[in-house]
Number of protein chains: 2
Amino acid sequence: MARTAGSHSDITGPRVRDAALRLFARHGYAAVSMRQIAAEVGVQAGALYNYTADKQSLLFELMRNHMLDLLTALPDTRGGAPLTRLETFVRFHIAFHHERPDAVFIAYMELRNLTPDNFAEIERLRRQYEDALEKVLRDGVATSSFQLADTKISTLALIAMLTGITTWFRSEGRLSLQDVQDQYWSMVRKSVGC
Amino acid sequence: MARTAGSHSDITGPRVRDAALRLFARHGYAAVSMRQIAAEVGVQAGALYNYTADKQSLLFELMRNHMLDLLTALPDTRGGAPLTRLETFVRFHIAFHHERPDAVFIAYMELRNLTPDNFAEIERLRRQYEDALEKVLRDGVATSSFQLADTKISTLALIAMLTGITTWFRSEGRLSLQDVQDQYWSMVRKSVGC
DNA sequence: TGAATAACTGAACGCCCGTTCAAAACCAAG
DNA sequence: CTTGGTTTTGAACGGGCGTTCAGTTATTCA
């Protein structure tokens with residue numbers, strides 16, 4: 001056997017995924033060709049198929065890895081007070097999404113370009129994330145820390161609000177990440193209260 | 001001169017725009033071909049060019065008309081109390097967007113497929129809409145009706161939250177439009193308060 | 001160094017793309 | 001019923017698409 005270490009595939013593979021991530025985020029899955037991705041990597045189009053079964057798998061893997069990263073990084077807040085757990089969630093969501101704008105963009109924009117099976121899997125992971133937030137809200141309602149008529153709606157409302165940040169927030173702007181976290185946490189805290 | 005009334009163009013034109021709106025919303029601008037749009041209308045691809053200069057113009061006109069409709073329909077709330085004006089805005093936003101999910105979807109998803117000039121124009125209109133909300137928030141802060149550290153951020157946060165509704169709300173579900181309006185208004189009202 | 005395997009090239013496959021345009025079909029007015 | 005403008009067809013243009021694969025190059029192990 002030859003070439004198990006030092007092989008180019010260890011380098012080219014990540015580069016393919018990086019290029020695809022950036023190009024899909026910038027121009028959209030349907031508008032990006034395999035040849036464009038290959039050119040970005042500095043390789044011919046055929047070589048991409050050493051690293052992905054097809055274009056669809058490339059998109060799906062990017063989205064799935066993003067969701068798995070998200071679920072793995074999500075802090076376990078069991079045991080704390082609902083208000084504290086909610087604050088942890090809000091600050092985590094903002095910081096995590098801020099660090100990977102391209103992956104976030106793809107995860108929210110390219111759902112319709114997934115095959116039905118792949119879509120179902122991504123939706124399953126997304127629901128896990130939503131459930132984590134909803135559990136906090138339900139616990140808060142149960143202990144009268146929060147006043148919410150429908151925790152499912154509130155979950156979706158808060159996530160939409162927080163995720164919207166990625167469309168405009170850039171670190172170079174007038175606001176720091178901390179500023180944004182503080183501002184949003186202030187609004188979220190009030191919105192779930194009495 | 002012949003064929004000024006009863007001409008097919010009065011019928012085909014709107015049908016082209018309807019088909020494009022639906023297909024763009026469903027599959028994305030880049031993934032939809034002129035031949036698909038033509039097939040939906042029941043015509044050959046070449047005939048579309050009697051109604052649009054090119055595919056880009058078709059997208060731009062759809063987005064621009066949506067934004068103009070939005071700005072036209074936006075209730076003039078000058079003179080009322082900030083809290084009342086905010087409620088009017090929230091309920092209007094939810095109802096208006098609920099009535100045209102395809103146009104909303106396109107307006108938020110296809111920005112990157114616009115040419116720079118067209119993008120600038122849509123952004124200009126979008127900013128007008130945001131400014132209408134921000135004015136309400138600023139007036140509310142000025143009169144101490146609202147407690148908000150940064151009305152620009154709050155504007156973006158609220159619009160993101162409200163617009164997110166279109167991704168899940170369908171009239172056939174367990175909640176009526178009125179339910180959703182009430183729920184969101186409750187959260188918004190609290191989030192801007194003390 | 002030679003053999004084996006991994007990585008990549010370059011060309012080809014069949015297909016679809018946006019757009020153009022001469023010719024045909026259609027329709028209402030005179 | 002002719003006329004003349006409107007609308008549509010159908011074919012063509014050049015080009016790009018995702019994917020495959022035989023052949024070439026590069027790298028490591030024995």
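Residue numbers begin at 1 in each chain, while the letters A, B, ... track the order of the sequences.
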Sugar-phosphate, base or nothing in reach of B/Q56, heavy atoms under 4.0 Å: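 Result for B/Q56 = nothing.
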Report which part of the nucleic acid A/V32 touches: base, sugar-phosphate, or nothing (heavy-atom distance under 4.0 Å, all strands).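 Answer is sugar-phosphate: A/V32 comes under 4.0 Å of backbone atoms only.
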Any donor-acceptor pair, under 3.5 Å, between the side chain of A/R35 and the base of D/dG16, if you only look at N and O atoms?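 Answer is no: no donor-acceptor pair is held.
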Quick one: is D/dT8 close enough that its OP1 or OP2 comes under 4.0 Å of any side-chain N or O from B/T12?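 Answer yes for this pair, as a side-chain N or O of B/T12 is under 4.0 Å from OP1 or OP2.
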When you check the phosphate oxygens OP1 and OP2 of C/dC16, does a side-chain N or O of B/S33 lie under 4.0 Å from one of them?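 Checking B/S33 against C/dC16: no side-chain N or O falls below 4.0 Å of OP1 or OP2.
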Does a side-chain N-to-carboxylate-O contact under 4.0 Å join B/R127 and B/D131?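 Salt bridge: no.
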Under-4.0 Å salt bridge between B/D102 and B/R26: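 No, no charged N to carboxylate O under 4.0 Å.
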Measure from [atom1] on [X] to [atom2] on [N] and round the result to the nearest Å.
X	N	atom1	atom2	answer
A/Y51	D/dT19	OH	C1'	17 Å
B/N113	C/dC17	CG	C1'	15 Å
B/Y49	D/dA12	OH	C1'	14 Å
A/Q44	D/dG18	CD	P	14 Å
B/L48	C/dC21	CG	P	17 Å
B/R15	D/dT8	CZ	P	10 Å
A/M34	C/dC8	CE	P	14 Å
A/Q36	D/dG15	CD	P	17 Å

Would you call the rings of B/H97 and B/Y129 parallel, tilted or perpendicular, taking 30° and 60° as the class edges?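 Tilted.
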With respect to the side chain of B/D54, which nucleotide from C/dT19, C/dC8, D/dT7 is positioned closest?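 Of the candidates, C/dT19 comes closest.
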Are B/T151 and B/E134 close enough, and set up right, to give a side chain to side chain donor-acceptor pair (under 3.5 Å), and what steps lead you there? CA-CA 6 Å; B/T151 54; B/E134 194 182 358; 2.9 Å; yes
Map A/G46 and A/A31 onto DNA chain D by nearest heavy atom, then report which one ends up closer to the 5' terminus.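 Final value for this comparison: A/A31.
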Under the salt bridge (charged side-chain N to carboxylate O under 4.0 Å, His left out) criterion, do B/R126 and B/E130 qualify, and how do the steps go? CA-CA 6 Å; B/R126 182 193 309 283; B/E130 291 174 1; 5.1 Å; no
